[in-house]
Amino acid sequence: MALEMKVPSPGESITEVEIAQWLVESGDYVEKDQAIAEVDSDKATLELPAEASGIITLKAEEGDAVAVGEVVCLIDTDAAKPAGEAEAAAPAPVETKEEKPVAPAPTATYATGTASPAAKKVLAEKDINPAQVQGTGKDGRITKSDAINAKPAMGTPGLGSRGESRKKLSMLRRKVAERLVSVKNETAMLTTFNEVDMQPIFDLRKEYKEAFKARHGIGLGFMSFFTLACVRALKMYPAVNSMIDGKEMISYDFQDISIAVSGPKGLMVPVIRNAENLSFRGVESEVKRLALRARDGQITVDEMTGGTFTITNGGVFGSMLSTPIINPPQSAILGMHNIVERPIVRDGQIVVAPIMYVALSYDHRIIDGKESVGFLVAVKEALENPVELLMDGAITKALEL
């Protein structure tokens with residue numbers, strides 16, 4: 001019996017996917033639940049498992065866009081599993097071909113590279129050196145036609161490779177491109193900046209990171225401090241935790257924080273649900289879980305759907321400062337950057353401190369300058385005074401030690 005395998009729905013509102021890569025070939029025997037293909041939706045890359053065991057026949061090519069519910073392969077469930085590898089066929093006899101004599105290259109003469117009067121005039125008008133033109137006339141003479149077709153040189157080529165390649169963008173990458181362009185065109189996006197003295201967080205991590213890891217099995221990173229600082233600031237400035245829907249503004253009484261992580265197919269933005277209810281341990285556990293699933297290509301559409309605010313960390317790649325682009329339909333995104341020792345004034349004295357520049361990009365249609373600046377200042381205050389503002393003065397209790 002031939003089983004028709006149809007494209008399952010990866011999630012709500014997704015109507016088609018793209019065959020990114022077949023992991024098997026027509027005629028292969030596949031086992032039930034074996035991954036047979038990778039498919040791209042506009043949100044994620046997912047594996048397509050075989051629904052039964054048997055001989056597979058592919059009905060779509062790599063790069064094809066197929067609708068949800070469309071048949072992409074057949075599986076002959078009556079076919080027996082091959083007993084073993086077939087014996088190698090005897091090598092075919094090698095045919096010998098009689099070599100044909102190669103015609104000698106034409107000998108250069110005084111006429112080679114010389115332009116005819118008409119050609120010389122055309123080349124002068126185009127400001128082209130005759131030495132840059134290959135003549136096709138008798139004995140290599142440059143004809144008027146050669147001069148008309150000649151193009152000005154675009155600099156002297158180097159000795160390295162000058163090749164190029166083309167590769168079709170994945171559906172995920174194309175969708176990301178469309179969304180980024182739409183954000184620039186459809187929102188009134190502005191960015192405000194500030195700087196954070198990370199010394200208090202450095203001191204806390206230095207003193208408690210070993211105990212935290214021994215207790216919980218995860219590291220005490222920067223993301224938990226930034227996430228909880230954002231949760232606090234979002235409660236203080238609810239407009240930043242809002243989004244536009246037509247002529248209405250929707251505000252949320254919960255904080256679902258999207259975190260941008262790098263995956264094998266590009267940037268993924270999974271969501272930490274109800275971050276307002278999580279402790280330092282809870283945030284770090286979720287960040288680690290989602291990052292590993294994104295890295296291994298196991299992240300699902302549901303895990304990247306929603307989110308009321310986004311945090312992105314360009315600092316892991318060495319970025320000093322940037323203007324992050326809003327993750328639609330959200331209205332704001334916080335950009336973290338690298339930490340560099342810089343001179344600052346503290347208590348009237350010039351000292352060297354680990355400083356991070358932070359950026360908040362926001363939709364000015366619903367977030368005013370006062371709210372955006374106030375939000376970023378609130379984040380800065382919490383990061384520079386984490387014991388009081390994020391831990392209620394009880395460090396060991398907040399870290400669950």
Side-chain angles (χ1 to χ4, degrees), residues 194-237 240-241 252-262 268-295 299 303-304 306-316 332-339 353-356 358 360 375-401:
N194 215 316
E195 63 179 16
V196 177
D197 181 355
M198 297 292 289
Q199 192 62 56
I201 294 178
F202 270 42
D203 294 341
L204 279 171
R205 293 181 71 241
K206 182 178 180 180
E207 184 173 356
Y208 294 101
K209 67 179 181 179
E210 296 300 331
F212 188 87
K213 187 171 184 179
R215 174 75 170 176
H216 305 301
I218 50 176
L220 179 60
F222 296 115
M223 281 302 298
S224 53
F225 289 94
F226 274 83
T227 300
L228 295 179
C230 286
V231 166
R232 173 180 176 271
L234 288 170
K235 291 178 180 178
M236 296 171 62
Y237 297 93
V240 184
N241 200 46
Y252 302 94
D253 61 0
F254 56 88
Q255 287 80 41
D256 282 357
I257 307 298
S258 304
I259 54 170
V261 297
S262 181
M268 306 286 183
V269 193
V271 182
I272 301 175
R273 307 289 180 189
N274 290 104
E276 74 277 5
N277 297 331
L278 297 180
S279 62
F280 283 84
R281 175 184 62 84
V283 173
E284 293 293 351
S285 296
E286 271 296 276
V287 169
K288 181 179 179 180
R289 183 184 72 84
L290 294 170
L292 288 175
R293 288 179 61 78
R295 183 198 67 185
I299 204 79
E303 288 173 312
M304 294 194 294
T308 61
F309 182 81
T310 295
I311 301 175
T312 180
N313 185 6
V316 296
I333 179 172
L334 178 75
M336 301 167 56
H337 301 91
N338 62 358
I339 301 170
I355 300 298
M356 176 191 286
V358 289
L360 180 77
F375 175 92
L376 200 55
V377 169
V379 170
K380 171 184 169 70
E381 290 172 345
L383 295 173
E384 292 183 341
N385 191 5
V387 175
E388 179 182 347
L389 299 181
L390 298 181
M391 298 177 169
D392 294 326
I395 300 175
T396 55
K397 180 180 179 182
L399 298 180
E400 301 175 63
L401 300 177

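Remember, it's a predicted structure, so these values are computed and weren't measured experimentally. Residues: numbered from 1 along the sequence shown.
The two residues I311 and C230 come nearest to each other via the heavy atoms CD1-SG, 3.8 Å. Across S279 and L228, no two heavy atoms sit closer than the pair C-CD1, 4.3 Å. In terms of heavy atoms, A332 sits closest to L360 at CB-CD1, 4.2 Å. The minimum heavy-atom distance between R232 and A382, with the atom names listed, is NH1-CB, 4.0 Å. Annotation for L220 and S224: closest pair CD1-OG, 3.9 Å, computed over non-hydrogen atoms. When all heavy atoms of I257 and A275 are compared, the pair lying nearest together is CG1-CB, 3.7 Å.
With Q255 as the partner, the side-chain contact (heavy atoms from CB on, under 4.5 Å) test is satisfied by one option alone out of L234, I272, N277: L234.
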Discussion item. Test side-chain contact (heavy atoms from CB on, under 4.5 Å) on I259 and E286; report intermediate values, then the result.
Written reply: CA-CA 10 Å; I259 54 170; E286 271 296 276; over 6 Å; no

Discussion item. Walk me through whether V269 and T312 qualify under side-chain contact (heavy atoms from CB on, under 4.5 Å).
Written reply: CA-CA 9 Å; V269 193; T312 180; over 6 Å; no

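Looking at heavy atoms from C-beta onward, P200 lies out of side-chain contact with V387 at the 4.5 angstrom threshold. For the pair I218 and F212, the minimum side-chain heavy-atom distance is below 4.5 Å. The shortest distance between side-chain heavy atoms of V358 and V379 does not fall below 4.5 Å. At least one side-chain heavy atom of F280 sits under 4.5 Å from a side-chain heavy atom of L390. Within the 4.5 Å cutoff, side-chain heavy atoms of P354 are placed close to those of D197. Considering only heavy atoms from C-beta on, N274 comes within 4.5 Å of D256 through its side chain. Side-chain contact between F222 and M356 is absent, with no heavy-atom pair separated by less than 4.5 Å. Residues V261 and L290 have side chains not in contact (no heavy-atom distance under 4.5 Å, counting atoms from C-beta outward).
In this structure, CZ on F225 lies 12.5 Å from CG on L389, to the nearest 0.5 angstrom. Here CZ of F226 is found 8.5 Å from CE of M223. Values are rounded to the nearest 0.5 Å. Note that CG of L401 and CD1 of I395 are 9.5 Å apart. Values are rounded to the nearest 0.5 Å. Atom-to-atom distance recorded for M268:CE and I299:CD1 is 8.0 Å, nearest 0.5 angstrom. One finds the CD atom of Q199 at 13.5 Å from the CG atom of L383 (value rounded to the nearest 0.5 Å). Atom NZ of K380 and atom CG of N385 lie 12.0 Å apart (nearest 0.5 Å).
Below 30°, between 30° and 60°, or above 60°: for F309 and F375 the angle between ring planes is between 30° and 60°, a tilted geometry.
Every residue two or more places apart in sequence or in another chain that forms a salt bridge (charged side-chain N to carboxylate O under 4.0 Å, His left out) with E400 is listed here: R281. Remark: E195 engages no residue in a side-chain hydrogen bond (donor to acceptor under 3.5 Å, both in side chains) (not counting sequence neighbours).
Checking side-chain atoms of N241 against main-chain N and O of F254 turns up a donor-acceptor pair under 3.5 Å. Formation of a donor-acceptor pair under 3.5 Å by the H216 side chain with backbone atoms of L399 is found in this model. Between the side chain of E284 and the main chain of G221, a donor-acceptor pair closer than 3.5 Å is present.
Salt bridge status for R293 with E303: present, with a side-chain N to carboxylate O gap under 4.0 Å. Ion pairing of K213 with E210 is absent here, as no side-chain N (NZ or NE/NH1/NH2) approaches a carboxylate O to less than 4.0 Å.
In R289, the CZ atom is crowded: over 12 heavy atoms of neighbouring residues, nucleotides or ligands sit closer than 6.0 Å. Shown here is K288, whose NZ atom has no more than 12 heavy atoms of other residues, nucleotides or ligands within 6.0 Å.
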